[in-house]
J.: 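Can you read through this structure? Questions will come right after.
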Amino acid sequence: MASVSLREIYKKYAGGVIAVSDFNIEIKDKEFIILVGPSGCGKSTTLRMIAGLEEISEGELYIGDRLVNDIAPKDRDIAMVFQNYALYPHMTVFENMAFGLKLRKVPKDEIARKVEEAARILDIAHLLDRKPKALSGGQRQRVALGRAIVREPQVFLLDEPLSNLDAKLRAQMRTEISKLHKRLGTTFIYVTHDQTEAMTMGDRIVVMKDGYIQQIDTPTNLYNSPVNQFVAGFIGSPQMNFIDAKLLKAGDSFLVEFGSEDTKTSQGVKYTVEIPESKVATNREALEELVDQEVILGVRPEAISDEDMVISTATTGVINATVEVTEMMGAETYLYLTCEGIPLTARVAPRSTARPQDEIQVVIEANKIHIFDKETEKTVIN
């Protein structure tokens with residue numbers, strides 16, 4: 001097994017296009033790392049550089065203690081699972097899984113043992129005589145995983161392996177891959193654009209945008225303490241609400257104010273949320289510098305409540321809103337609201353009685369708010 005180290009890695013294409021910039025990470029042995037971000041952010045390019053399928057323009061890549069920049073893919077002791085499975089249609093499942101071992105001149109009895117063991121782990125032993133066209137998408141994905149497992153690589157690279165599967169099967173395969181990682185005790189590097197996959201599978205997540213790393217952290221820390229507005233909006237489903245607001249100070253207290261204003265009469269409906277002292281204490285200096293300036297108020301959907309008990313005891317953050325759409329999700333309900341023209345999404349209990357066109361009161365829970373600098377989009381407080 002092996003650690004993987006990427007040190008100041010760049011990928012530059014002809015014409016000055018830079019796909020990956022200053023990529024630095026130390027991946028520990030047996031760690032499950034996820035690269036996540038929107039299309040075109042450089043995550044697959046980074047994975048392909050680790051695999052040796054893309055040349056590194058600058059920087060150093062180590063697998064274990066070995067510098068591998070100039071080492072061929074077949075000699076890097078890695079295995080890659082692709083989005084489209086990349087199975088040979090004329091070969092049986094057994095032959096597909098055994099192909100890499102045959103090229104390495106592994107003895108036949110050892111090939112049979114390794115293929116049968118991998119097939120047993122992946123529950124595809126009964127499919128070994130079939131050809132790919134006779135398999136479902138989930139079965140093909142298992143075969144692609146099996147082909148990687150039999151090689152017993154130091155590092156597994158997985159490039160959006162579940163994106164071709166339906167939602168139910170994708171959820172099932174997420175669990176299977178997590179179990180597989182624990183069973184094999186190998187380093188996994190996994191690329192996805194699906195933040196649900198990232199949050200449920202990874203030990204640590206690398207959030208990327210425009211070729212740059214935005215944040216590397218555990219799923220919990222990314223969710224609770226995003227470093228900027230992009231990470232806050234990308235991680236979490238439904239995504240965080242962002243509200244244009246103004247930071248005010250009243251005595252020793254800090255408030256965020258938002259709402260509407262009629263420019264002719266200077267009237268309108270304004271709402272305020274007082275920032276709890278516990279949050280102020282973490283970054284008072286930054287807040288002082290932003291007083292009377294525009295900021296972005298970030299509120300997760302679960303931090304907006306329509307519970308009468310919560311509203312009646314709230315001392316700040318109570319707002320009036322119109323229900324536009326409700327989505328019953330079984331264990332919870334999503335309310336899509338507007339408040340003074342501002343769209344908001346609330347995640348509330350399934351017993352909620354709110355219906356479209358209702359005028360309701362909700363409360364923004366002040367102890368769960370985030371504030372971002374409007375200019376830099378960096379986090380001021382979490």
J.: Are the side chain of Gln195 and the backbone N or O of Gly236 linked by a donor-acceptor pair below 3.5 Å?
T.: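 Indeed, once roles are kept as given, a pair shorter than 3.5 Å links the two residues.
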J.: Taking Asp306 for its side chain and Gln361 for its backbone only, find out whether a donor-acceptor pair lies under 3.5 Å.
T.: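 Here the side-chain-to-backbone pair does not exist.
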J.: Would you say Asn367 has more than 12 foreign heavy atoms packed within less than 6.0 Å of its CG?
T.: yes
J.: Under 3.5 Å, is there a donor-acceptor pair between the side chain of Gln293 and the main chain of Glu289?
T.: yes
J.: Parallel, tilted or perpendicular: which fits the ring planes of Phe242 and Phe372, with parallel below 30° and perpendicular above 60°?
T.: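 Phe242 and Phe372: perpendicular rings.
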J.: Could you report the tightest heavy-atom contact between Thr45 and Ala19, atom names first, then the distance?
T.: CG2-CB, 4.3 Å
J.: Determine, for Arg204 against Glu26, whether the closest basic-nitrogen to carboxylate-oxygen distance falls under 4.0 angstrom.
T.: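 Not counted as a salt bridge, because no side-chain N and carboxylate O are separated by less than 4.0 Å.
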J.: Under 4.5 Å between side-chain heavy atoms, hopping through other hydrophobics if needed: is there a path connecting Met208 to Ile189?
T.: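 Yes: a chain of side-chain contacts under 4.5 Å links Met208 to Ile189.
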J.: Is a donor on one side and an acceptor on the other found under 3.5 Å between the side chain of Asn382 and the backbone of His370?
T.: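 No.
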J.: Would Phe23 and Val206 count as a side-chain contact (heavy atoms from CB on, under 4.5 Å) if you check the C-alpha gap in whole Å, the side-chain angles of each, and the deciding distance to 0.1 Å?
T.: CA-CA 10 Å; Phe23 195 102; Val206 181; 4.1 Å; yes
J.: Indicate the ring-plane relationship of His181 and Phe188, choosing parallel, tilted or perpendicular according to the 30° and 60° boundaries.
T.: perpendicular
J.: Is the ring centre of Tyr88 less than 6.0 Å from the ring centre of Phe99?
T.: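 Yes: the rings meet the under 6.0 Å criterion.
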J.: If a pair satisfies side chain to side chain donor-acceptor pair (under 3.5 Å) and one of its residues is in residues 167-180, list it, with sequence neighbours excluded.
T.: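 The answer is Arg174-Thr200.
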J.: Does anything in residues 120-132 pair up under side chain to side chain donor-acceptor pair (under 3.5 Å), and if so which pairs, sequence neighbours excluded?
T.: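 Sorted result for residues 120-132: Glu117-Arg120.
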J.: Using a strict 4.0 Å threshold on nitrogen-to-oxygen distance, state whether Lys374 and Asp244 make a salt bridge.
T.: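 A salt bridge is present here (some side-chain N lies under 4.0 Å from a carboxylate O).
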J.: Just one of Thr338, Val362, Asn241, Val299 clears the side chain to side chain contact (heavy atoms under 4.5 Å, CB included) bar with Leu344, so which one?
T.: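 Per the side chain to side chain contact (heavy atoms under 4.5 Å, CB included) rule, the option paired with Leu344 is Asn241, out of Thr338, Val362, Asn241, Val299.
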J.: If only atom types and distance count, is the side chain of Thr187 paired as donor or acceptor with the main-chain N or O of Ala2 below 3.5 Å?
T.: yes
J.: For Gln154 and Asp77: C-alpha separation, side-chain torsions, deciding distance, then whether side chain to side chain donor-acceptor pair (under 3.5 Å) applies.
T.: CA-CA 6 Å; Gln154 293 191 73; Asp77 203 5; 3.2 Å; yes
J.: Decide whether Tyr336 and Glu327 meet the rule of one side-chain donor and one side-chain acceptor closer than 3.5 Å.
T.: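 On atom types as modelled, these side chains qualify, holding a pair under 3.5 Å.
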J.: Shortest non-hydrogen contact from Ala118 to Met97?
T.: CB-CE, 3.8 Å
J.: For the backbone of Asn228 and the side chain of Thr379, can you confirm whether one donor and one acceptor N or O come within less than 3.5 Å of each other?
T.: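 Side chain of Thr379 to backbone of Asn228: a pair is present.
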J.: Does a salt bridge link Lys12 with Glu58, judged by any charged N lying under 4.0 Å from a carboxylate O?
T.: yes
J.: Does Lys11 qualify as a cation-pi partner of Tyr13, given the criterion of NZ or CZ under 6.0 Å from the six-membered ring centre and within 45 degrees of its axis?
T.: yes
J.: Check whether Val291 and Leu255 end up in the same hydrophobic cluster, where Ile, Leu, Val, Met, Phe, Trp and Tyr are linked by side-chain heavy atoms less than 4.5 Å apart.
T.: no
J.: NZ of Lys378: more than 12 outside heavy atoms within 6.0 angstrom?
T.: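 Result for NZ/Lys378: open.
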J.: Kindly say whether Asp217 contributes a backbone atom to a donor-acceptor pair with the side chain of Asn221 at under 3.5 angstrom?
T.: no
J.: Verify the cluster assignment for Ile78 and Leu145: are they in a single hydrophobic cluster under the rule of side-chain heavy atoms below 4.5 Å apart?
T.: no
J.: Mark yes or no for whether Asp358, through its side chain, and Ile360, through its backbone, hold a donor-acceptor pair below 3.5 Å.
T.: no
J.: Run the side chain to side chain donor-acceptor pair (under 3.5 Å) check on Arg7 and Ser5 step by step: do they pass?
T.: CA-CA 6 Å; Arg7 302 175 188 174; Ser5 176; 2.8 Å; yes
J.: Does the side chain of Tyr334 pick up a donor-acceptor pair with the side chain of Glu332 at under 3.5 Å?
T.: yes
J.: Whether Lys368 and Glu302 form a salt bridge (side-chain N of Lys/Arg under 4.0 Å from carboxylate O of Asp/Glu) is what I want to check.
T.: no
J.: By the definition side chain to side chain contact (heavy atoms under 4.5 Å, CB included), identify the one residue from Thr326, Leu335, Thr322 that meets it with Pro356.
T.: Thr326
J.: Please tell me whether Val81 and Val4 are part of a single hydrophobic cluster in this structure, the criterion being side-chain heavy atoms less than 4.5 Å apart.
T.: no
J.: Can you give each donor-acceptor pair under 3.5 Å made by side-chain atoms of residues 104-112, sequence neighbours left out, with the distance rounded to 0.1 Å?
T.:
residue: Glu110; atom: OE2; partner: Lys114; partner atom: NZ; Å: 3.4

J.: Show the nearest heavy-atom pair for residues Pro161 and Ile177, with the distance to one decimal.
T.: CG-CD1, 4.4 Å
J.: Would you kindly confirm whether Val93 and Met173 end up in one hydrophobic cluster when ILVMFWY residues are joined by side chain heavy atoms under 4.5 Å apart?
T.: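 Yes, Val93 and Met173 fall within the same hydrophobic cluster.
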J.: May I ask you to say whether Glu307 pairs ionically with Arg351, meaning some side-chain N is under 4.0 Å from a carboxylate O?
T.: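 Counted as a salt bridge, because a side-chain N and a carboxylate O are separated by less than 4.0 Å.
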J.: Just by modelled atom types, is the Asn224 backbone N or O under 3.5 Å from a matching donor or acceptor in the Arg300 side chain?
T.: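 Side chain of Arg300 to backbone of Asn224: no pair is present.
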J.: Going by atom types alone, do Glu160 and Thr192 pair a side-chain donor with an acceptor below 3.5 Å?
T.: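 Thr192 and Glu160 do not have a side-chain donor-acceptor pair below 3.5 Å.
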J.: State whether the side chain of Gln215 and the backbone N or O of Val227 hold a donor-acceptor pair below 3.5 Å, judged by distance alone.
T.: yes
